[in-house]
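Both ligands and their constituent atoms are indexed starting at 1 by order of listing. Numbering starts at 1 and runs along the sequence shown.
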Amino acid sequence: MNDQPLVRARNVHKNYGNHEVLKGIDLDVYPGEVVVILGPSGSGKSTFLRCINHLEEMNQGTIMIGDQQIGYELRRGKLYHLPPKRIARQRRDIGMVFQQFNLYPHMTVLQNIIEAPVGVHGHSRGEAERYAHELLRTVGLSDKADAYPRHLSGGQQQRVAIARALAIRPKLMLFDEPTSALDPELVGEVLSTMRNLAEQGLTMVVVTHEIGFAREAADRVVFMDGGNIIEQGSPDDVLVHPRHARTRAFLSRFI
Ligand code: ADP
Ligand code: MG
(Lines give C-alpha, C1' and ligand atoms only; values in the text may rest on other atoms or scores of the structure.)
(Ligands and ions follow the chains in the order given, each with its own letter.)
Protein backbone atom coordinates (compact mmCIF):
# COMPACT_ATOMS: atom_id res chain seq x y z
CA MET A 1 0.00 0.00 0.00
CA ASN A 2 1.15 3.51 -0.88
CA ASP A 3 2.51 5.58 2.04
CA GLN A 4 0.70 8.79 1.14
CA PRO A 5 -2.97 8.89 2.20
CA LEU A 6 -5.52 9.75 -0.48
CA VAL A 7 -7.81 11.24 2.18
CA ARG A 8 -6.43 12.96 5.23
CA ALA A 9 -9.05 14.36 7.60
CA ARG A 10 -7.83 16.28 10.63
CA ASN A 11 -9.81 17.62 13.55
CA VAL A 12 -13.03 17.88 11.53
CA HIS A 13 -15.73 19.70 13.48
CA LYS A 14 -19.24 20.35 12.30
CA ASN A 15 -22.15 21.87 14.14
CA TYR A 16 -25.70 22.75 13.25
CA GLY A 17 -26.47 25.72 15.50
CA ASN A 18 -25.25 24.65 18.95
CA HIS A 19 -25.58 20.99 18.11
CA GLU A 20 -22.05 19.64 17.67
CA VAL A 21 -22.37 16.75 15.24
CA LEU A 22 -18.67 16.08 14.50
CA LYS A 23 -16.30 16.64 17.40
CA GLY A 24 -12.86 16.39 15.83
CA ILE A 25 -12.60 13.53 13.36
CA ASP A 26 -9.14 12.34 12.27
CA LEU A 27 -9.05 9.76 9.53
CA ASP A 28 -6.60 8.68 6.84
CA VAL A 29 -7.62 6.59 3.86
CA TYR A 30 -4.85 5.10 1.76
CA PRO A 31 -5.05 4.41 -1.98
CA GLY A 32 -6.78 1.11 -2.62
CA GLU A 33 -8.11 0.90 0.91
CA VAL A 34 -11.69 0.00 1.81
CA VAL A 35 -12.74 1.73 5.03
CA VAL A 36 -16.10 0.80 6.50
CA ILE A 37 -17.68 3.23 8.96
CA LEU A 38 -20.11 1.78 11.45
CA GLY A 39 -22.09 3.52 14.14
CA PRO A 40 -25.54 4.17 15.51
CA SER A 41 -27.97 6.44 13.75
CA GLY A 42 -27.21 10.11 14.43
CA SER A 43 -23.52 9.53 15.18
CA GLY A 44 -22.43 11.81 12.32
CA LYS A 45 -21.47 9.26 9.65
CA SER A 46 -23.38 10.93 6.79
CA THR A 47 -22.26 14.38 7.87
CA PHE A 48 -18.64 13.25 7.77
CA LEU A 49 -19.02 11.78 4.25
CA ARG A 50 -20.69 15.00 3.12
CA CYS A 51 -17.77 17.01 4.53
CA ILE A 52 -15.33 14.87 2.52
CA ASN A 53 -16.85 16.00 -0.77
CA HIS A 54 -17.81 19.42 0.50
CA LEU A 55 -21.55 18.97 0.38
CA GLU A 56 -21.23 20.34 3.92
CA GLU A 57 -18.97 23.11 5.08
CA MET A 58 -16.92 22.16 8.15
CA ASN A 59 -16.64 24.56 11.06
CA GLN A 60 -13.07 23.58 11.90
CA GLY A 61 -10.42 21.21 10.63
CA THR A 62 -9.06 20.20 7.24
CA ILE A 63 -9.66 17.49 4.70
CA MET A 64 -7.00 16.82 2.10
CA ILE A 65 -7.67 14.73 -1.00
CA GLY A 66 -4.21 13.99 -2.32
CA ASP A 67 -2.46 17.35 -2.29
CA GLN A 68 -5.67 19.41 -2.49
CA GLN A 69 -7.45 20.82 0.51
CA ILE A 70 -11.19 20.44 0.00
CA GLY A 71 -12.81 23.87 -0.36
CA TYR A 72 -9.55 25.81 -0.08
CA GLU A 73 -6.45 26.76 -1.95
CA LEU A 74 -3.08 27.78 -0.63
CA ARG A 75 -1.69 30.81 -2.45
CA ARG A 76 1.51 32.52 -1.36
CA GLY A 77 1.25 31.03 2.10
CA LYS A 78 -2.38 32.09 2.63
CA LEU A 79 -5.47 29.93 2.58
CA TYR A 80 -8.30 31.07 0.31
CA HIS A 81 -11.83 29.71 0.11
CA LEU A 82 -12.52 28.36 -3.37
CA PRO A 83 -15.43 29.59 -5.48
CA PRO A 84 -18.18 27.04 -6.28
CA LYS A 85 -16.77 26.27 -9.73
CA ARG A 86 -13.42 25.23 -8.31
CA ILE A 87 -15.09 23.18 -5.58
CA ALA A 88 -17.06 21.40 -8.29
CA ARG A 89 -13.78 20.59 -10.00
CA GLN A 90 -12.34 19.12 -6.78
CA ARG A 91 -15.45 16.99 -6.48
CA ARG A 92 -14.71 15.32 -9.82
CA ASP A 93 -12.28 13.07 -8.01
CA ILE A 94 -15.01 11.82 -5.68
CA GLY A 95 -17.98 9.63 -6.55
CA MET A 96 -20.85 9.26 -4.13
CA VAL A 97 -23.63 6.70 -3.82
CA PHE A 98 -26.56 7.36 -1.51
CA GLN A 99 -29.26 5.28 0.09
CA GLN A 100 -31.73 6.77 -2.41
CA PHE A 101 -30.39 6.14 -5.90
CA ASN A 102 -32.21 9.10 -7.54
CA LEU A 103 -31.73 8.09 -11.15
CA TYR A 104 -33.27 10.42 -13.71
CA PRO A 105 -36.59 8.69 -14.45
CA HIS A 106 -36.97 10.10 -17.96
CA MET A 107 -33.54 8.88 -19.08
CA THR A 108 -32.40 5.39 -20.00
CA VAL A 109 -29.72 3.65 -17.97
CA LEU A 110 -27.08 4.61 -20.54
CA GLN A 111 -28.22 8.25 -20.59
CA ASN A 112 -28.12 8.35 -16.79
CA ILE A 113 -24.53 7.12 -16.80
CA ILE A 114 -23.17 9.44 -19.50
CA GLU A 115 -25.04 12.54 -18.28
CA ALA A 116 -22.27 13.85 -15.99
CA PRO A 117 -19.26 12.89 -18.13
CA VAL A 118 -20.79 14.46 -21.27
CA GLY A 119 -22.98 17.21 -19.81
CA VAL A 120 -20.74 18.40 -16.99
CA HIS A 121 -17.20 17.24 -17.71
CA GLY A 122 -17.17 17.67 -21.47
CA HIS A 123 -16.13 14.12 -22.42
CA SER A 124 -16.97 13.04 -25.95
CA ARG A 125 -20.23 11.16 -26.26
CA GLY A 126 -18.63 8.18 -28.02
CA GLU A 127 -15.97 7.72 -25.35
CA ALA A 128 -18.53 8.20 -22.54
CA GLU A 129 -20.82 5.56 -24.09
CA ARG A 130 -17.97 3.11 -24.55
CA TYR A 131 -16.98 3.51 -20.91
CA ALA A 132 -20.62 3.32 -19.77
CA HIS A 133 -20.96 -0.09 -21.44
CA GLU A 134 -17.77 -1.23 -19.72
CA LEU A 135 -19.17 -0.04 -16.36
CA LEU A 136 -22.47 -1.81 -17.02
CA ARG A 137 -20.51 -5.04 -17.49
CA THR A 138 -18.71 -4.35 -14.19
CA VAL A 139 -22.00 -3.98 -12.32
CA GLY A 140 -23.57 -6.94 -14.14
CA LEU A 141 -26.15 -5.01 -16.18
CA SER A 142 -24.87 -5.23 -19.75
CA ASP A 143 -28.34 -5.95 -21.07
CA LYS A 144 -30.01 -2.93 -19.39
CA ALA A 145 -28.39 -0.02 -21.23
CA ASP A 146 -31.65 1.00 -22.92
CA ALA A 147 -34.00 0.27 -20.03
CA TYR A 148 -35.69 3.00 -18.02
CA PRO A 149 -35.17 3.05 -14.23
CA ARG A 150 -38.84 2.22 -13.50
CA HIS A 151 -38.36 -1.14 -15.22
CA LEU A 152 -35.49 -2.10 -12.93
CA SER A 153 -35.52 -3.56 -9.43
CA GLY A 154 -34.14 -1.47 -6.56
CA GLY A 155 -30.93 -3.51 -6.58
CA GLN A 156 -30.48 -2.97 -10.31
CA GLN A 157 -31.17 0.75 -9.93
CA GLN A 158 -28.56 1.03 -7.18
CA ARG A 159 -26.03 -0.78 -9.40
CA VAL A 160 -26.77 1.76 -12.14
CA ALA A 161 -26.23 4.52 -9.57
CA ILE A 162 -22.84 2.97 -8.77
CA ALA A 163 -21.96 2.87 -12.50
CA ARG A 164 -23.08 6.50 -12.80
CA ALA A 165 -20.82 7.54 -9.92
CA LEU A 166 -17.89 5.64 -11.48
CA ALA A 167 -18.43 7.26 -14.88
CA ILE A 168 -16.44 10.35 -13.90
CA ARG A 169 -13.49 8.07 -13.04
CA PRO A 170 -13.26 9.14 -9.39
CA LYS A 171 -10.17 8.44 -7.30
CA LEU A 172 -12.40 7.91 -4.28
CA MET A 173 -15.88 6.46 -3.86
CA LEU A 174 -18.12 7.30 -0.92
CA PHE A 175 -21.08 5.03 -0.15
CA ASP A 176 -23.71 6.17 2.34
CA GLU A 177 -25.83 3.19 3.38
CA PRO A 178 -26.16 2.01 -0.21
CA THR A 179 -28.30 -1.00 0.68
CA SER A 180 -30.50 0.46 3.42
CA ALA A 181 -33.41 1.27 1.11
CA LEU A 182 -33.43 -2.16 -0.57
CA ASP A 183 -35.61 -5.17 0.05
CA PRO A 184 -33.50 -7.78 1.87
CA GLU A 185 -33.33 -10.11 -1.13
CA LEU A 186 -31.72 -7.35 -3.24
CA VAL A 187 -28.98 -6.38 -0.78
CA GLY A 188 -26.60 -9.18 -1.81
CA GLU A 189 -26.25 -8.18 -5.46
CA VAL A 190 -25.28 -4.61 -4.53
CA LEU A 191 -22.78 -5.77 -1.90
CA SER A 192 -21.24 -8.21 -4.33
CA THR A 193 -20.83 -5.41 -6.89
CA MET A 194 -19.10 -3.35 -4.21
CA ARG A 195 -16.87 -6.29 -3.31
CA ASN A 196 -15.80 -6.53 -6.97
CA LEU A 197 -14.89 -2.85 -6.99
CA ALA A 198 -12.91 -3.29 -3.79
CA GLU A 199 -11.02 -6.20 -5.37
CA GLN A 200 -10.23 -4.03 -8.40
CA GLY A 201 -8.40 -1.68 -6.06
CA LEU A 202 -10.87 1.20 -5.88
CA THR A 203 -10.47 3.40 -2.78
CA MET A 204 -13.76 3.30 -0.91
CA VAL A 205 -15.29 4.73 2.25
CA VAL A 206 -18.48 2.86 3.03
CA VAL A 207 -21.06 3.68 5.67
CA THR A 208 -23.16 0.56 6.18
CA HIS A 209 -24.87 -1.59 8.76
CA GLU A 210 -23.89 -4.72 6.82
CA ILE A 211 -21.47 -6.26 9.30
CA GLY A 212 -20.80 -9.20 6.96
CA PHE A 213 -19.60 -6.81 4.27
CA ALA A 214 -17.38 -5.04 6.80
CA ARG A 215 -15.89 -8.36 7.89
CA GLU A 216 -15.18 -9.59 4.37
CA ALA A 217 -14.39 -6.48 2.34
CA ALA A 218 -12.99 -3.88 4.73
CA ASP A 219 -9.29 -3.27 5.19
CA ARG A 220 -10.21 -1.13 8.17
CA VAL A 221 -13.35 -0.71 10.26
CA VAL A 222 -14.08 2.59 11.99
CA PHE A 223 -16.67 2.81 14.74
CA MET A 224 -18.25 6.25 15.28
CA ASP A 225 -20.52 7.34 18.09
CA GLY A 226 -21.65 10.80 19.18
CA GLY A 227 -19.55 12.64 16.62
CA ASN A 228 -16.28 10.89 17.54
CA ILE A 229 -14.31 7.95 16.23
CA ILE A 230 -14.40 5.59 19.19
CA GLU A 231 -12.11 2.97 17.75
CA GLN A 232 -10.72 1.68 14.49
CA GLY A 233 -8.68 -1.23 13.28
CA SER A 234 -8.82 -4.40 11.23
CA PRO A 235 -12.25 -6.09 10.96
CA ASP A 236 -10.98 -8.66 13.43
CA ASP A 237 -9.88 -5.96 15.92
CA VAL A 238 -13.11 -4.00 15.84
CA LEU A 239 -15.75 -6.64 15.10
CA VAL A 240 -14.38 -9.64 16.98
CA HIS A 241 -12.24 -8.03 19.72
CA PRO A 242 -13.72 -4.55 20.26
CA ARG A 243 -11.99 -2.64 23.04
CA HIS A 244 -14.72 -0.17 23.91
CA ALA A 245 -17.98 -0.83 25.67
CA ARG A 246 -19.87 1.36 23.19
CA THR A 247 -18.57 -0.67 20.27
CA ARG A 248 -19.57 -3.89 22.01
CA ALA A 249 -23.02 -2.52 22.78
CA PHE A 250 -23.50 -1.48 19.15
CA LEU A 251 -22.33 -4.82 17.76
CA SER A 252 -24.48 -6.81 20.16
CA ARG A 253 -27.54 -5.63 18.20
CA PHE A 254 -26.36 -7.57 15.17
CA ILE A 255 -25.92 -10.95 16.80
P1 ADP B 1 -25.75 9.33 10.80
O2 ADP B 1 -25.49 9.36 9.34
O3 ADP B 1 -24.65 8.70 11.61
O4 ADP B 1 -27.08 8.72 11.14
P5 ADP B 1 -25.98 12.20 10.51
O6 ADP B 1 -24.64 12.67 10.08
O7 ADP B 1 -27.02 12.09 9.48
O8 ADP B 1 -25.81 10.84 11.33
O9 ADP B 1 -26.53 13.17 11.63
C10 ADP B 1 -25.83 13.47 12.81
C11 ADP B 1 -26.62 14.46 13.62
O12 ADP B 1 -26.70 15.70 12.92
C13 ADP B 1 -28.05 14.03 13.89
O14 ADP B 1 -28.37 14.39 15.20
C15 ADP B 1 -28.84 14.83 12.88
O16 ADP B 1 -30.12 15.11 13.38
C17 ADP B 1 -28.03 16.10 12.76
N18 ADP B 1 -28.16 16.72 11.43
C19 ADP B 1 -27.80 16.15 10.25
N20 ADP B 1 -28.01 16.99 9.22
C21 ADP B 1 -28.55 18.11 9.76
C22 ADP B 1 -28.97 19.37 9.21
N23 ADP B 1 -28.90 19.63 7.89
N24 ADP B 1 -29.46 20.29 10.08
C25 ADP B 1 -29.51 20.05 11.40
N26 ADP B 1 -29.11 18.90 11.98
C27 ADP B 1 -28.62 17.95 11.18
MG1 MG C 1 -26.57 8.59 7.77
- Query: Quick one: are Gln90 and Ile65 in side-chain contact, heavy atoms under 4.5 Å?
  - Reply: no
- Item | Per-residue contact class, Arg50 against ligand 1 - non-hydrogen pairs under 4.0 Å | side chain
- Note on the structure: The closest protein heavy-atom partner of atom 7 (O) of ligand 1 is Ser46 CB, 3.7 Å
- Message: What I want to know is whether Ser43 and ligand 1 share at least one N or O pair that is separated by under 3.5 angstrom.
- Response: yes
- Query: Should Thr138 and Gln200 count as side-chain neighbours, where that means a heavy-atom distance under 4.5 Å?
  - Reply: yes
- Which residue supplies the protein heavy atom nearest to atom 19 (C) of ligand 1, what is that atom called, and how far is it? Tyr16 CE1, 3.5 Å
- Look at the aromatic rings of His106 and Tyr104 and report parallel, tilted or perpendicular, splitting at 30° and 60°. perpendicular
- Query: Any idea which protein heavy atom is nearest atom 8 (O) of ligand 1, and the distance to it?
  - Reply: Gly44 N, 3.2 Å
- Query: Could Arg169 and Glu127 be called an ion pair, given the rule that one side-chain N must be under 4.0 Å from one carboxylate O?
  - Reply: yes
- Message: If you take the nearest heavy atom of each of Gly42, Pro40, Cys51, which one is closest to atom 1 (P) of ligand 1?
- Response: Gly42
- Message: In this structure, does ligand 1 have an atom that sits under 4.0 Å from one of the heavy atoms of Gly17?
- Response: no
- Message: Considering non-hydrogen atoms of the protein only, which is the closest contact for atom 6 (O) of ligand 1, and what is the distance?
- Response: Thr47 OG1, 2.5 Å
- Message: Any protein heavy-atom neighbour for atom 25 (C) of ligand 1 (distance below 4.0 angstrom)?
- Response: yes
- Task: Could you tell me whether the side chain of Gln158 reaches within less than 4.5 Å of the side chain of Thr179, counting heavy atoms only?
- Result: no
- Message: Could you check whether His81 and Tyr72 have their ring centres less than 6.0 Å apart?
- Response: yes
- Task: Kindly confirm or rule out a cation-pi arrangement of Arg8 over Tyr30, judged by NZ or CZ under 6.0 Å from the six-membered ring centre and within 45° of its axis?
- Result: no
- Does some non-hydrogen atom of Gly39 fall short of 4.0 Å from ligand 1? no
- Please tell me if the side chains of Glu177 and Thr208 come closer than 4.5 Å, counting only heavy atoms from C-beta onward. no
- Message: Among Leu38, Val21, Ile37, which one puts a heavy atom closest to atom 11 (C) of ligand 1?
- Response: Val21
- Among protein heavy atoms, which lies nearest atom 3 (O) of ligand 1, and at what distance? Lys45 NZ, 2.7 Å
- Message: Between Ser46 and the Mg ion (ligand 2), is there a contact where an N/O/S atom of the residue lies under 2.8 Å from the metal?
- Response: yes
- Message: Any atom of ligand 1 sitting under 4.0 Å from a heavy atom of His19?
- Response: yes
- Query: Does the pair Asp28/Arg220 count as a salt bridge with the N-to-O cut at 4.0 Å?
  - Reply: no
